[in-house]
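Values reported hereafter were calculated over all heavy atoms of this structure, with side chains retained and with hydrogens, waters and symmetry mates removed. None of the values given here were measured: they were computed from a predicted structure.
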Amino acid sequence: MRVIKKYFITGLLIWVPLVITVWVLGLLVATLEGFVPSFLSAESLFGVDIPGFRFLLVIVVVLLTGVFAANLIGRSMVEQWERLLGRIPLVRSIYNSVKQVSDTVLAPNGQAFRRAVLVQYPRAGAWTIAFVTGTPGGEVADKLEGDLISVYVPTTPNPTSGFFLMVPRGDTLDLNMSVDAALKYIVSMGVVAPAPTACRQPPRPLPPPSRGARGEQPARRRFVTLTLQPSTHNGVIPHAYLLYRPGLP
């Protein structure tokens with residue numbers, strides 16, 4: 001019985017990632033194909049149903065749009081189109097918000113989500129992984145003092161929800177791991193640990209702990225204990241934070 005259970009789990013480890021990958025790709029293709037009207041389908045144009053034709057058509061349209069918008073005439077037409085959308089009250093709010101986020105995240109020269117750091121959250125002494133999204137600007141920067149950076153703290157195991165924080169740069173620790181490795185670490189709740197990498201720069205040391213009341217040397221500490229703190233989102237969906245808590249060796 002134990003041998004059968006071992007083989008069954010081994011088979012699950014092979015099939016589960018494959019099935020989920022195929023399901024996600026199929027969902028993505030079906031969603032993109034849903035934007036193509038029926039009169040542009042392969043059956044309407046050629047009289048034959050060609051699988052994946054609508055998906056290929058979406059890719060070609062996006063590529064041609066990028067080529068068109070890269071030249072002077074295309075940019076001027078896009079600017080006129082954006083000004084037209086900016087005059088519509090409800091559309092203006094949605095479009096401008098989505099455009100600002102997409103320009104920040106998807107821009108080739110942008111710095112959003114290009115670096116992973118460690119921050120103390122939700123309390124001092126508890127560490128979690130965050131992604132640098134930029135620096136405070138506008139009125140927010142005028143109200144705050146010091147060198148601050150903006151970070152996004154994702155929740156576990158759903159990284160699409162999280163918290164936006166503005167923290168002092170000196171209170172963060174730079175990580176050498178890539179953003180993909182950090183996301184895997186978060187989604188797996190710390191099970192899939194990233195491989196050790198060569199340090200590009202020496203990490204900033206943590207402040208030394210204070211001495212005891214009688215002057216004795218404090219116990220040596222290192223970050224070894226992994227803690228999952230459950231929380232709720234709107235009182236329905238459970239989440240958890242991936243935290244590091246200093247523990248005794």
So which atom in [X] and which in [Y] form the shortest heavy-atom distance, rounded to 0.1 Å?
X	Y	answer
Pro17	Ile14	CD-O, 3.7 Å
Thr172	Val117	CB-CB, 4.4 Å
Val140	Pro136	CG1-CB, 4.2 Å
Ala116	Ile129	CB-CG2, 4.5 Å
Met177	Pro194	CE-CG, 3.4 Å
Phe131	Ala182	CE2-CB, 3.7 Å

- Task: Using a 4.5 Å cut-off on heavy atoms from C-beta on, say whether the side chain of Lys99 contacts that of Asn96.
- Result: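 Asn96 vs Lys99: side chains apart.
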- Query: Given side chains that start at C-beta, do those of Pro168 and Asp147 come closer than 4.5 Å, heavy atoms only?
  - Reply: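 With C-beta onward as the side chain, the pair stays apart.
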- Item | Derivation of the side chain to side chain contact (heavy atoms under 4.5 Å, CB included) call for Tyr121 and Val151 | CA-CA 11 Å; Tyr121 183 83; Val151 297; over 6 Å; no
So, the side chain of [X] versus the backbone of [Y]: is there a donor-acceptor pair under 3.5 Å, distance only?
X	Y	answer
Gln120	Trp127	no
Tyr152	Gly162	yes
Asn71	Phe68	yes

For the atom pair [atom1] ([X]) and [atom2] ([Y]), what is the distance rounded to the nearest 0.5 Å?
X	Y	atom1	atom2	result
Ser93	Leu85	OG	CG	12.0 Å
Tyr185	Leu175	OH	CG	10.0 Å
Arg115	Asn176	CZ	CG	11.0 Å
Leu45	Leu57	CG	CG	8.5 Å
Ile149	Asp171	CD1	CG	9.5 Å
Met166	Leu148	CE	CG	8.0 Å

- Task: Provide the full list of ring-ring contact (aromatic ring centres under 6.0 Å, His included) pairs with a residue in residues 18-47, sequence neighbours left out, each pair given once.
- Result: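 For residues 18-47: Phe46-Phe53.
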- Message: Whether the Ser150 and Thr133 side chains hold a donor-acceptor pair (N or O, under 3.5 Å, no angle test) is what I'd like checked.
- Response: no
- Query: With no hydrogens and no angle check, do the side chains of Ser41 and Ser44 hold a donor and an acceptor under 3.5 Å apart?
  - Reply: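 A pair is found: one side chain offers a donor N or O, the other an acceptor, under 3.5 Å apart.
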- Item | Lys6/Val3 under side chain to side chain contact (heavy atoms under 4.5 Å, CB included): CA gap, chis, key distance, verdict | CA-CA 5 Å; Lys6 175 183 177 182; Val3 175; 5.6 Å; no
Can you tell me if [X] has over 12 outside heavy atoms packed within less than 6.0 Å of its [atom1]?
X	atom1	answer
Leu27	CG	yes
Ile73	CD1	no
Phe8	CZ	no

Out of curiosity, does [Y] fall in the hydrophobic cluster containing [X] (side-chain heavy atoms, cut-off under 4.5 Å, transitive links)?
X	Y	result
Val29	Leu40	yes
Val22	Val16	no
Ile88	Leu84	yes
Leu56	Leu28	no
Val78	Val67	no

- Please report the C-alpha distance between Thr160 and Asn158 in whole Å, then the side-chain angles of each, then the deciding distance to 0.1 Å, and finally whether the side chain to side chain donor-acceptor pair (under 3.5 Å) criterion is met. CA-CA 6 Å; Thr160 58; Asn158 178 20; 2.5 Å; yes
- Task: Could you walk me through whether Lys184 and Ser178 pass the side chain to side chain contact (heavy atoms under 4.5 Å, CB included) test, one step at a time?
- Result: CA-CA 10 Å; Lys184 292 178 183 178; Ser178 63; over 6 Å; no
- Which residue pairs pass the salt bridge (charged side-chain N to carboxylate O under 4.0 Å, His left out) test with at least one member in residues 18-43, sequence neighbours excluded? none
- Message: As a quick check of understanding, evaluate side chain to side chain contact (heavy atoms under 4.5 Å, CB included) for Val119 and Thr128, giving each step before the final call.
- Response: CA-CA 6 Å; Val119 297; Thr128 186; 3.8 Å; yes
